[in-house]
Structure formats: C-alpha cells, structure tokens
Amino acid sequence: MRAPAPELQPLVDRLSRRLPGVAVAAYDGSRSGPSDASTTLVIRTPAAFARVLRAPRGLGLARAWVAGDIEISGDIAPVAAHEADLHHPAVAAGLLTTALRVTARRGFRDLATAGATASEYRAARPGRHTVARDRAELDFHYGLTADFYALLLGPSMTYSGAMFAKPADSLEAAQDRKHARIGEKLELGAHSTVLDIGCGWGSFLDHAETTFGSRGIGFTASREQYEYASRRFSGRAGVRIEYGDYRQLLPVPGITAAASVGMYEHVGERHSPAFFSLVRRSLRPGARYVNQAITRRESGPRRLRANAFAQRYVFPNGQLLPLSRQLADLDRAGFRVLSAESFGEGYARTTGAWLDNLERNWDACVAAAGLERARAWRAYLAGSRRRFEDGSIDVTQVLAEAR
C-alpha cells in the first residue's frame, strides 16, 4: 500500500508551478520541482504558517523569511523574478488555508511569537516626515555601522546607482563615472564650492575635490555617516561635513553648485516643493543643481504600503515619486530643467553587485548587522534588481539651472 503524501505536498506543488526552475521543499518531507535545481525554497518550520496567519498580506511571508522559517538556498534571483506570482490569488488562498489548518492543529500556540521580528521597524504613523522622525528612520537605514556598508558597497562607499559603460566595468569604475558625470554637469572646477545634500560617506565630495579641485560642503542626518565622513576629510581644509536635517541647514550662502544623490527618496511627496525651494535659495541665478533619484512609473501606487517589506526592514518611510512630479516641483521652485538622464539598467547592475558583495561576505555581514538584517537586505537587493530590470522603477539624474 502506497504511503499517503505529506500534508504540505499540495501547497509545495502549487508554489513550484509558480516558480519555474526552482525546487520547493518543506519540513514534512514534501518536495516538488527539478531535482537538479540551483535554487531551493524550503519551508523550514510550522512557525512560518503562524506568521502568515498573523499577517496574511505578504508581511507574514516577509517575517518568516527574515526569521529563518523560510529559507532560500542557492541563487535567490529566480525567486525574486517570480515574486508577483507568489501573490497570485490562488497561491494566497492555498497558503492561507494551509496556514490555518497547520496552526490550528498545533493549538494556535505558535501565534503568540509570530508577530513582529526583533529587527523590524514599526512606525506609529507611516508617511509623516518630521525632523525627529526622519532622523530616527535614517539611523535605522544607515545605522548598521560603516563596517557593514563597506562590505556591501565596496571600496567606493557609494550608496546610489552607478553608470556602467562596458560589460567588464567594475562597480568602482562605474561609480567614478557617475561622480564624474555629475561634476561635468555642474561644471565644477577650482573655482567651485559644491553642496552635497545627503552626502552619505562622502564619496562624491571626495571625487569633486580630487578630480575637479572643488571645495565642498556635505550634509547628512545620519550620525554614522557623519562620523565616517568627518574622519574621511579630517585634515582636508577643502571639505566640510555638517550633521543635521536639510530643513535645519538650508539655505547655504556662498555655494556655486549643488547636488543630492540618492537623498530625494527620503524627502517625501508632501515636502518635495519645499525641499527644492530651499535648494534654490542657496543658489544664485545661473548656478546648477543635479538631483539623482529613484523614480517609479506614473501609473504605480502613490504610496508605499505601511506593511511593505522594504518599509519594515530596510527603508522606513521611503517614497519614490514619478519623474513628472520632480520636474514640476523643480519648475515651481525657480529652476529651469536642462536635462534628464535615466539609467535604470545601471542601477540593476549596481544592486546586483551589492548582492554579490553581501553573499560573498555573508559571515562578516551577519557579524556586522545581525542575521535578520542581513537576510532582509538579501531579499531587498534581489527584489530591487528585478524592479530595475523590468522597468517598474528607474533612476534619473536631473540637471537644473537656477532662474
């Protein structure tokens, strides 16, 4: 007499059909998919189902992944490529039905510990942007220590999309090309004093000083970035780093050009007009400004959902706006837009390089950030790369001139 199939086999089969080329397995011995698959998704514990039951709209799966109740061995890209298929109504219904059955059979005892994980950021009122709130969220996002970001980003310590020209380009060469492009657009030279709003660890200001001979001022609201950048420019009179929120530090007199590279995503839709107005007040007529930012499609969701994975585990309160909104707000603030250069394919390669760095330095990244945060970043980078590849998000350098 044939032994009955494991309890989770129907769900494993359904998941496997939605993940071509991926093997799917579960703790009860269920397995489906290619025997020689380079990627295997494993439901490791019944607690995964309790997490789904507590938060059935995707957050539960995210928590199960971060907590290690679900594991992906091998290349994560095939799972990220079919992420949307995992939210198909038939899959969601099957997962929820299975979750209810498994959790009920265990007396619902797993529910008590199936809520928020230790590394989860839980904002009381998502969408608000106050100085104190933004500073706390920046410290969550950037406060993983410079050691973690050095492992993730590589020697350039640049956390924004790079510009690749050739297939063989290294990440560092592509980041240098991006910095050079910004400097050329701003017409930097020995006569220049450039303001970098959201200067990160100081990579653009370093390039501006060493390549163009420019002086620089950098703002960051991240304590970790401020301390790193301050050490980086210690003893170099041409660059000054200041700690604080742009609303407290702008406008700045005496600068000849300005840039914000990967900072606008933290501003928020409501504050976008005021942000550009503050930048404009720092510049004389004819001075140039470059804003590099990730954009979303005009038809995409207006706001990131409060329980979205990135909001809870990587990028709290971040907001991507369509390019049209950015251009309109620049115009209203008193800028004339000179050009807009999009290079989402470059950001896809950038996030892919960061993911490779994370996986290659996995043990050191876990030591620096903790296992949950490292797992969250692995999924975040894989998902971001897919979205840049399919065009649902893009990155654009906008060059504007103060009128």
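A quick note: this is a predicted structure, and the numbers were derived from the prediction, not measured. Sequence positions, counted from 1, serve as the residue numbers for this chain.
- Classified by interplanar angle (parallel below 30°, tilted 30° to 60°, perpendicular above 60°), the ring pair H179/F204 is tilted.
- Using a 4.5 Å heavy-atom threshold, the side chains of F275 and I197 count as touching.
- Scanning all heavy atoms of the two residues, the minimum distance from G21 to A37 falls at O-CB, 3.5 Å.
- A donor-acceptor pair shorter than 3.5 Å cannot be found between the side chains of S156 and S203.
- The side-chain heavy atoms of D134 and N317, taken from C-beta on, include a pair separated by under 4.5 Å.
- Of all the heavy atoms in A258 and L186, the pair that sits closest is O-CD2, 3.5 Å.
- For R385, the salt bridge (charged side-chain N to carboxylate O under 4.0 Å, His left out) test picks out no residue, with sequence neighbours left out.
- Between P20 and H82 there is a side-chain heavy-atom pair separated by less than 4.5 Å.
- Counting only residues at least two apart or in different chains, side-chain hydrogen bond (donor to acceptor under 3.5 Å, both in side chains) contacts with residues 164-173 comprise D169-R177.
- Between Y243 and Y226, the ring planes are tilted. Angles from 30° to 60° get that label.
- Note that OG of S339 and CG of L399 are 4.0 Å apart. Values are rounded to the nearest 0.5 Å.
- In this structure, F276 has its ring center closer than 6.0 angstrom to the ring center of Y264.
- A pairwise comparison of heavy atoms in S160 and K178 identifies OG-NZ, 2.7 Å as the closest pair.
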Working note: E298 + R325, criterion salt bridge (charged side-chain N to carboxylate O under 4.0 Å, His left out); need CA distance, chi angles, decisive distance, verdict.
CA-CA 9 Å; E298 186 75 40; R325 175 59 191 269; over 6 Å; no

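- Looking at Y228 and I241, their side chains never come closer than 4.5 Å, going by heavy atoms from C-beta outward.
- In this structure, R280 is not positioned above the aromatic face of Y289 in the sense of NZ or CZ being under 6.0 Å from the six-membered ring centre and within 45° of the axis.
- Here the closest non-hydrogen pair linking D331 and R403 is O-NH2, 3.0 Å.
- Between R17 and D13 no salt bridge is recorded (no basic side-chain N to carboxylate O distance below 4.0 Å).
- I70 contributes atom CD1, which lies 9.5 Å from atom CZ of R51 (distance to the nearest 0.5 angstrom).
- Taking each heavy atom of D206 and F233 in turn, the nearest pair found is N-CZ, 3.6 Å.
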Would R181 and M163 count as a side-chain contact (heavy atoms from CB on, under 4.5 Å) here? Give the steps.
CA-CA 9 Å; R181 186 77 60 87; M163 290 181 160; 3.8 Å; yes

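- Note on ring orientation: taking the six-membered ring where Trp is involved, the planes of Y149 and W377 are perpendicular (angle over 60°, cut-offs 30° and 60°).
- Taking 4.5 Å as the limit, some side-chain heavy atom of E120 sits within range of a side-chain heavy atom of L59.
- Look at R133 and E137 and you find a salt bridge, because one of the NZ, NE, NH1 or NH2 atoms lies within 4.0 Å of a carboxylate O, short of that distance.
- Stacking of R375 on the aromatic ring of W65 is recorded, both the 6.0 Å distance cut-off and the 45° axial limit being met.
- Between the side chains of Q225 and T220, at least one donor-acceptor pair of N or O atoms lies under 3.5 Å.
- The side-chain tip of R349 points at the ring of F164 from less than 6.0 angstrom away and within 45° of straight on.
- Checked for salt-bridge contact, R215 and E209 miss the test: no charged N lies under 4.0 Å from a carboxylate O.
- Pairing each heavy atom of S282 with each of L250, the nearest pair is OG-CD2, 3.7 Å.
- The cationic group of R373 lies under 6.0 Å from the six-membered ring centre of F140 and within 45° of the ring axis, placing it in a cation-pi geometry.
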Should L358 and L151 be marked as a side-chain contact (heavy atoms from CB on, under 4.5 Å) after you check the CA-CA gap, both sets of side-chain angles, and the distance that decides it?
CA-CA 7 Å; L358 177 71; L151 293 164; over 6 Å; no

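- T350 is not listed as a side-chain neighbour of F388, based on a closest heavy-atom distance of 4.5 Å or more.
- In this structure, CG on L249 lies 10.5 Å from CD1 on I217, to the nearest 0.5 angstrom.
- Put simply, the side chain of D394 does not reach to within 4.5 Å of the side chain of I294, judged on heavy atoms.
- Between D69 and R63 there is no salt bridge, since none of the side-chain N atoms of the basic residue sits less than 4.0 Å from a carboxylate O of the acidic one.
- Remark: R106 engages D110 in a salt bridge, criterion side-chain N to carboxylate O under 4.0 Å.
- Note on E242 versus R240: salt bridge recorded, some NZ/NE/NH1/NH2 to OD/OE distance being below 4.0 Å.
- Using a 4.0 Å cut-off between charged side-chain N and carboxylate O, R223 and D139 make no salt bridge.
- Salt-bridge check for K185 with E341: passed, with a basic side-chain N closer than 4.0 Å to an acidic carboxylate O.
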In sequence, state the C-alpha distance, the side-chain angles, and the governing distance for V131 and Q248, and then conclude on side-chain contact (heavy atoms from CB on, under 4.5 Å).
CA-CA 8 Å; V131 171; Q248 300 169 316; 3.7 Å; yes

In sequence, state the C-alpha distance, the side-chain angles, and the governing distance for L95 and L61, and then conclude on side-chain contact (heavy atoms from CB on, under 4.5 Å).
CA-CA 10 Å; L95 183 61; L61 280 175; 3.9 Å; yes

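- One side chain, S392 or D390, offers a donor N or O that lies under 3.5 Å from an acceptor on the other.
- The six-membered or imidazole ring of H141 lies near that of Y159, with a centre-to-centre distance under 6.0 Å.
- Between T351 and Y380, the side chains place no donor N or O within less than 3.5 Å of an acceptor N or O (distance only, hydrogens not considered).
- Side chains of V194 and L188 form a contact here, defined as non-hydrogen atoms less than 4.5 Å apart.
- Side-chain atoms of N291 and S260 include a donor-acceptor pair closer than 3.5 Å.
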